[in-house]
Q: 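The structure's right below; bear with me while I get my questions together.
Order of the sequence lines sets the chain letters (A, B, ...), proteins ahead of strands, with each chain counted from 1.
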Number of protein chains: 2
Amino acid sequence: MAARVDLSGTEVSALARLEDRPREVRRGAVLQRENERGNDLYVVRRGVLMSYVLLDDGSRQILRFHFRGDMIGMPGMIYGRSPETIAALSDAEVCQFDRAALSRLFEDHPRLAALILVLNQVERVALTDRLAALGRTSAKARVAALMLDMRNRMRAGDPSVVDTYTLGLTQEEIGDATGLTAVHVNRMLRQLEEDGLIAREGGRVTIRDERALARAANYVDRFEGLELGWLPAAR
Amino acid sequence: MAARVDLSGTEVSALARLEDRPREVRRGAVLQRENERGNDLYVVRRGVLMSYVLLDDGSRQILRFHFRGDMIGMPGMIYGRSPETIAALSDAEVCQFDRAALSRLFEDHPRLAALILVLNQVERVALTDRLAALGRTSAKARVAALMLDMRNRMRAGDPSVVDTYTLGLTQEEIGDATGLTAVHVNRMLRQLEEDGLIAREGGRVTIRDERALARAANYVDRFEGLELGWLPAAR
DNA sequence: CGTGTCTTTGACGATTGTCAATGTACGTGG
DNA sequence: CCACGTACATTGACAATCGTCAAAGACACG
């Protein structure tokens, strides 16, 4: 948040209080399970996590990947039971806090409350972009979009990432995120590679032609163009 | 909102102030256009609207249908330009208000701010349900889910709706919402009718076997089970 | 009555899924 | 160090779902 807005001293310490309960999560561990109680929120401090749902034929849809700074678990907090499972894709560290802490934040820091709303809306737009991708673009475009999006989100948390990064996903997970089968994901990755748009070796992906990849993917970067001048005053 | 929480007098009047600028929208009219400025918010008072995006091959993805009580335009308020188009599916009435009004609401009424966050999360979960439907369910299931969802949302605003309702969508629009072509939507509607799950005549849909329809659709009603005891105190 | 939009239907084709087999890397225990 | 097992990637053949194209029917509206 601090990257976007000048926070006041009391705001900084209010946010710091939210992050005083760090918790380690191992790769593969489940932080919150679908249909079970889970009323706490988490902020990702390190690592990558994902949310997914399981359908009753056993198939899985990955809803979202979570990176450093993301606030997760809000749907579980709103509903009595979590509508989705949250699991760690890598070893990760999260900071846990509860409903009461969020409630106090809303009372004492209207600007931070509004910023949380803004982050929610950024996530909403990312979800609708993905909705449009699943509904209206080809398998190749969806895989290309995922390659670009993961690069951008990793770069946001680590500026040393430029064109090459460690994806950290199996092809089955890519398929579960893009609505494809693992086999077809493999075909699409090969095609992207043959077209010279990406390169792969040992779990690392290199973007070779960003322009063409973005074109193939219908990609729009949604972290541009936020307007935050209207927020309430700091407290 | 009032259906879920006992609002205080000042809260009621704060909400009423948001709704003091009613505006009529004709069927087919566009309230906010993709990529154009549109920083105001709206609450739907009457009628049905939709949000959609256009892809550069000309195809359309309908993101969401908006009914009475929905707050719309938030993505456009956050970004300088709206990421989606909002258009009226029927004659409708909306109440317009601006960023400053929302900002004041956050300052003066933390509980209402938290409620807005809750409504945002309900919408988020609805979007992820649709994401899972597009990614992992068959054409038939998606159409079935739309039939059920539209019924439920109409019933929420008009308790006289039980099993029969006026859909108010062309088959092309159903396709743009479910990620299908109009032709295939037609085939799926016919199948649902032949299976005895729905009936159709003259733009009106009747749900004949709700249980089976819900099973065919993987449907979960997400307006159950909200827990709001943690909200800040009223002001 | 004519025009345009929407629905319906059939034939055909393309994209994507399914199944099955093989290859490869990596970790674990002997 | 080697053997083995497991998870993941790759490939090919085939099938199913869904899209495309085209034409005709239904319906509302001026």
Q: Through what angle, rounded to 10 degrees, does the axis of the helix from C/dC1-D/dG30 to C/dG30-D/dC1 turn between its ends, using five pairs per end?
A: 40°
Q: Using 4.0 Å as the upper bound for N to carboxylate O, is an ion pair formed by A/Glu193 and A/Arg208?
A: no
Q: Going by an N to O cut-off under 4.0 Å, is there a salt bridge joining B/Arg60 and B/Asp176?
A: yes
Q: Are A/Arg46 and A/Asp91 ion-paired here, with the side-chain N under 4.0 Å from a carboxylate O?
A: no
Q: Examine C/dT8: is either OP1 or OP2 under 4.0 Å from a nitrogen or oxygen in the side chain of B/Asn186? Give yes or no.
A: yes
Q: Give a yes or no on whether a salt bridge exists between B/Arg142 and B/Asp149, defined as a side-chain N under 4.0 angstrom from a carboxylate O.
A: no
Q: Under 4.0 Å between a side-chain N or O of A/Arg190 and OP1 or OP2 of D/dG12?
A: no
Q: Nearest whole Å is fine: how far is C/dC6 P from B/Leu189 CG?
A: 15 Å
Q: Mind calculating the distance between CZ (A/Arg200) and P (C/dA25) to the nearest angstrom?
A: 14 Å
Q: Could I get the full list of side chain to side chain donor-acceptor pair (under 3.5 Å) partners for B/Arg33, not counting sequence neighbours?
A: none
Q: Less than 3.5 Å apart, any donor N or O on the side chain of A/Gln61 or B/Arg136 sitting next to an acceptor on the other?
A: no
Q: Within the side chain of B/Glu84, is there an N or O that forms a donor-acceptor pair under 3.5 Å with the backbone of B/Glu34?
A: no
Q: What integer distance in Å separates B/Glu194:CD from C/dT9:C1'?
A: 12 Å
Q: Could you verify whether a donor N or O on one side chain and an acceptor N or O on the other, from B/Tyr219 and B/Asn152, lie under 3.5 Å apart?
A: yes
Q: Between atom CD in A/Gln191 and atom P in D/dA9, what is the gap in whole Å?
A: 18 Å
Q: What does nucleotides 16-30 of chain D look like as a protein-contact string, B for base, S for sugar-phosphate only, - for none, at under 4.0 angstrom between heavy atoms?
A: --BBBB---------
Q: Short of 4.0 Å, heavy atom to strand atom, which residues of residues 47-56 of chain A count as contacting DNA chain C?
A: none
Q: What donor-acceptor contacts under 3.5 angstrom involve side-chain atoms of residues 116-123 of chain A, with partners at least two apart or in another chain?
A:
{"from": "A/Asn120", "atom 1": "OD1", "to": "B/Gln121", "atom 2": "NE2", "distance (Å)": "2.2"}
{"from": "A/Asn120", "atom 1": "ND2", "to": "A/Ile116", "atom 2": "O", "distance (Å)": "2.9"}
{"from": "A/Gln121", "atom 1": "NE2", "to": "B/Asn120", "atom 2": "OD1", "distance (Å)": "2.2"}
{"from": "A/Glu123", "atom 1": "OE2", "to": "A/Arg64", "atom 2": "NE", "distance (Å)": "3.2"}
{"from": "A/Glu123", "atom 1": "OE2", "to": "B/Arg124", "atom 2": "NH1", "distance (Å)": "2.4"}

Q: Distance check, rounded to the nearest 0.5 Å: A/Ser82 atom OG versus A/Asn35 atom CG?
A: 8.0 Å
Q: Can you name the closest pair of heavy atoms from A/Ala92 and A/Val48 and give their distance?
A: CB-N, 4.4 Å
Q: State the CZ-OG1 distance between A/Arg204 and A/Thr164, to the nearest 0.5 angstrom.
A: 6.0 Å
Q: Within residues 169-178 of chain B, find the residues that approach DNA chain D with a heavy atom at under 4.0 Å, and present them sorted by residue number.
A: none
Q: For A/Gly196 and A/Asp209, which heavy atoms make the closest approach, and how far apart are they?
A: O-CB, 3.9 Å
